[in-house]
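The structure under discussion appears below in the form of structure tokens.
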Amino acid sequence: MVYVVWVVSLNEAQQRAVRHRGGPLLVLAGAGTGKTRVITHRVAALLDEGVPPWRILAVTFTNKAAGEMRARIGDLCGPEMARAGMWVGTFHAICARVIRRHGHLVGLGPNFAIYDTADQKAAMKRVLKAQNVSDRAYRPVGILAQIDYAKNRGAGPEDLEELGVEEPLLSVVKRAWAGYERMLRAADAADFGDLLVLTVRLLKLARTSQDPLAEDAAALFTRFQHVVVDEFQDTNPVQGEIVGLLSQNAELCVVGDDDQSIYGWRGADVAQILRFPDRHPGCETIRLEQNYRSTTHILDCAEAVISRNQDRLGKSLWSDLGEGSKVVVSRLDDERSEAQWISSQVAQRVADGESPHEFAIFYRTHAQSRALEEALRAAGVHYRIVGGTRFFDRAEVKDVIAYLRILVTPHSDLDLIRVINRPARRIGAKTVDTLLGYAASQQISLFEALKHAQSAGLKKAAASRVTAVAELLASLREEVRDVAIDEQARLVVERTGYLEALANEDTIDADARLENIQEFIGSMGEFLEQSPEASLAEYLEMVSLSTSEAQQDARECITMMTVHSSKGLEFDHVFMSGMEDRIFPHVRAIDDRDEMEEERRLAYVAITRARRRLAISFTNRRFLYGDHQVNPPSRFIGNLPRTAIHELGRSSRRSTTLRAKPQVESTWDDDIVLDPDVDLSEEHDEADYDDRPAVPLYVGMQIRHAKFGIGDLVGWSGSGDSMRLNIRFADRGMKTILARFCEPL
DNA sequence: TAGGGTAAGTTTTTT
DNA sequence: ACTTACCCTA
């Protein structure tokens, strides 16, 4: 049997996780311990034992993970097994599927639209406007964030107070939430949070309702024999509830790593995995601790950082890949020197024959990427940045999507508002407002209102322009009926005059947009190849739920990204940049124990991405957000075991807020020790990193300046690196000097 | 209706 | 410092 072959390739703990049957199972899978293998093998084993595919549910967090899982199950059992009715998908995709089928229970039609962040924002803006709330005083995204957070905690408007929202924001959010909800339901739309919340509502209704229609949905409670959830540490309470509902008659296996829970700020609750054993009587916990990815110096660093956390189930990684290279800890002068150091390291290794694909640079916030980009460009290293704007978020692509969505969900007012004047049809804001007013008074959608332009009170000329759009859309719907979806899109851009208008612009920008549209239509073609029977609604759902970016640069690139985006990836060479307190850990996490623990997990995630080499760098000062900052080295650096690291750069023994600086503008190479064999670790002292003493300033204290000599401090202004000192020198009189060029005595 | 001037924002991101 | 979003003007 094939099964035997699998089993020998798994270690003992992995085998137990694959074979465990009969009760709830928690697999605590440390970084790089073969988590995905365990999940796929477990599913494959179930199929092998005769569990029908359709009785298995596997939930992941990203589409990418879902796709990989499907592919790997296909590899093990044959693609037909992976397809035959098995549910493999993200929480949101699975919820969308449930709602498509049974949405009538919660007021949604089978073709309901899914609003992404941009749609949500547009909707909220309109709601606030209608409620006469100044979107200056209350930013739409801010209100949406509150609502979304609440939804992900399974809370409703009435729970906002408990979640810590205070007046006057509280009543604004409450009212906005109600209006927003009404708007979405009227448009037959749901946002991401709704997908989860409404699924819970729907399932609960199905359980209690006598409605024969609900019985159909109730079949979901007995459908699944096995439920597997990946990345369980990132589930939020609502997702937990969904898992509970769908697995009430199934064996539940959750897989995750409490040490890698880094999405608490968007509603994920690490308690979900921490308390899983308590909440599930008879639960067995299996730890996967053998790491197949990293050498031990790297793992020792990871361990040293994460072991300081209190809220964890506890496990420790080991590996038999040998010690490997020490983790390099490098102090640089500023962010530009840091970027140059990193890019020279990369360039050198690439010149030695390493593949650029094997290099990654991480940073805590996007804002830090600039200096790195500049240095890499100067060094001629190609790079790509993960996590820019989504392809599907580009204006022209969104326009086409809006048209397509109107074809599927005509009542989606927002989409119609978006494109009613694209290309320009001389239908301005005023006309739209009139139509919206009419639609509201008649309780009809904007789409319907278009047909009654005259009754809506529009002047003849405006009315005829509006009627023309109504006719255009109507004929488009007809035309598109029995055509493949990519052809539908092609018809849309053609019949609406969208293509023509862009072509007439004849600018580089317009050409780029035309290309994007072509690419978009091309992506529909690809989608069709995957699933030839796909409907437009299905394609649109994929778009709403996906993050796929435009085609990647074919060149050999290194990768830059935030630490968050690095989760799940691995590289031979990893550079962690900007490792300073207040940057990483982030300043907003420093005073809060729970958030501090999340930063620590984040650091753990970053460290464990590296296979062979890890370099951690920090700077004496940094220019960020338009200001100079002087931050101590990250406290996480202070945690690293001395035996596992190799330090480069100047000692910081004398470091204070005022430190002598060379007069000459320093370049990176006079500030660091180039010879990697010069080990400065004898100068290392943990306290060095954790609390660098700041020298208190007082009027009258003595200050030394390299050129002017010693003088008396008379006063000062500013702070951080832009702090200026007023000093009286005996022979030169008063001078105002940047504090960083001075040294206190 | 585009483009300029201004004000305010800037942790992390999926779906 | 730099982006983004909005309002206003030409």
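Here is how names work: the chains are called A, B, and so on, in the same order as the sequence lines, proteins then strands, and each is numbered from 1. No hydrogens, no waters, no symmetry mates; every other heavy atom, side chains included, goes into these values. Just so we're clear, the structure is a prediction, and the values are computed from it rather than from any experiment.
- If you take CG of D116(A) and C1' of dT15(B), they are 10 Å apart, rounded to a whole angstrom.
- Closest heavy-atom contact between A603(A) and V305(A): CB-CG1, 4.0 Å.
- Distance Q629(A) CD to dT11(B) C1': 13 Å, rounded to the nearest Å.
- The distance from atom CG of D591(A) to atom P of dT11(B) is 15 Å, rounded to the nearest whole Å.
- Rounded to a whole Å, the NZ atom of K121(A) is 14 Å from the P atom of dG9(B).
- Within the structure, every side-chain polar atom (N or O) of K64(A) is placed at least 4.0 Å from both OP1 and OP2 of dT14(B).
- In this structure, Y263(A) and H564(A) have tilted ring planes: the angle between them lies in the 30° to 60° band.
- Where stacking is scored as ring centres under 5.5 Å apart with planes under 30°, W265(A) does not register as stacked on the base of dT11(B).
- The side chain of R588(A) places an N or O atom within less than 4.0 Å of a non-bridging phosphate oxygen (OP1 or OP2) of dT11(B).
- Going from atom CZ of R622(A) over to atom NE2 of H628(A) covers 12.5 Å, rounded to the nearest 0.5 Å.
- Using atom P as the reference point in both dT13(B) and dT4(C), the two lie 15 Å apart (nearest Å).
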Please determine whether salt bridge (charged side-chain N to carboxylate O under 4.0 Å, His left out) holds for the pair K567(A) and E231(A), giving the CA-CA distance in whole Å, both sets of side-chain angles, and the decisive distance to 0.1 Å. CA-CA 11 Å; K567(A) 200 172 84 165; E231(A) 303 279 17; 3.5 Å; yes
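- Comparing R425(A) and L602(A) by the nucleotide of DNA chain B whose heavy atom lies nearest to each, the residue mapping closer to the 5' end is R425(A).
- Put simply, T117(A) has no side-chain N or O that comes within less than 4.0 Å of OP1 or OP2 on dT13(B).
- Counting non-hydrogen atoms under 4.0 angstrom, Y263(A) reaches the backbone sugars and phosphates but no base.
- Comparing dT15(B), dT11(B), dT10(B) against the side chain of R139(A) picks out dT10(B) as the nearest.
- A salt bridge links K35(A) to D230(A): one of the charged nitrogens lies within less than 4.0 Å of a carboxylate oxygen.
- Both cation-pi conditions hold for R100(A) and F112(A): the charged atom is under 6.0 angstrom from the six-membered ring centre and inside a 45 degree cone around its axis.
- Between the CZ atom of R336(A) and the P atom of dA1(C) there is a distance of 13 Å, given to the nearest Å.
- The listed nucleotides are dA5(C), dT10(B), dT13(B); the one nearest the side chain of H564(A) is dT13(B).
- Straight-line distance from the CD1 atom of I262(A) to the P atom of dT14(B): 10 Å, rounded to whole Å.
- One interatomic measurement links the two molecules: CE of M596(A) to C1' of dT11(B), which rounds to 14 Å at whole-angstrom precision.
- For the OP1/OP2 pair of dT3(C) and a distance below 4.0 Å, the side-chain nitrogens and oxygens of H366(A) include no atom meeting the criterion.
- Note on Y625(A): a base of the nucleic acid sits closer than 4.0 angstrom, heavy atoms only.
- You'll find that the side chain of F623(A) is closest to dA1(C), out of dT11(B), dA1(C), dC6(C).
- Taking the P atom of each, dT12(B) and dA5(C) are spaced 15 Å apart, rounded to whole Å.
- When the side-chain nitrogen and oxygen atoms of T562(A) are compared with OP1 and OP2 of dT13(B), one or more of them lie within a distance under 4.0 Å.
- Closest to the N421(A) side chain, of the nucleotides dT13(B), dT1(B), dT11(B), is dT1(B).
- With rounding to whole Å, I99(A) atom CD1 is found 17 Å from dT15(B) atom P.
- Interface remark: the R266(A) side chain does form a donor-acceptor pair with the dT14(B) base, using a distance-only criterion of under 3.5 Å.
- In this structure, R370(A) reaches the dT3(C) phosphate: one of its side-chain N or O atoms is under 4.0 Å from OP1 or OP2.
- Note that CG of L274(A) is 8.0 Å distant from OG of S261(A), once rounded to the nearest 0.5 Å.
- Both thresholds, 5.5 Å between centres and 30° between ring planes, are met by H586(A) relative to the base of dT11(B), so the two rings are stacked.
- Between K567(A) and dT14(B) there is no side-chain N or O to OP1 or OP2 distance below 4.0 Å.
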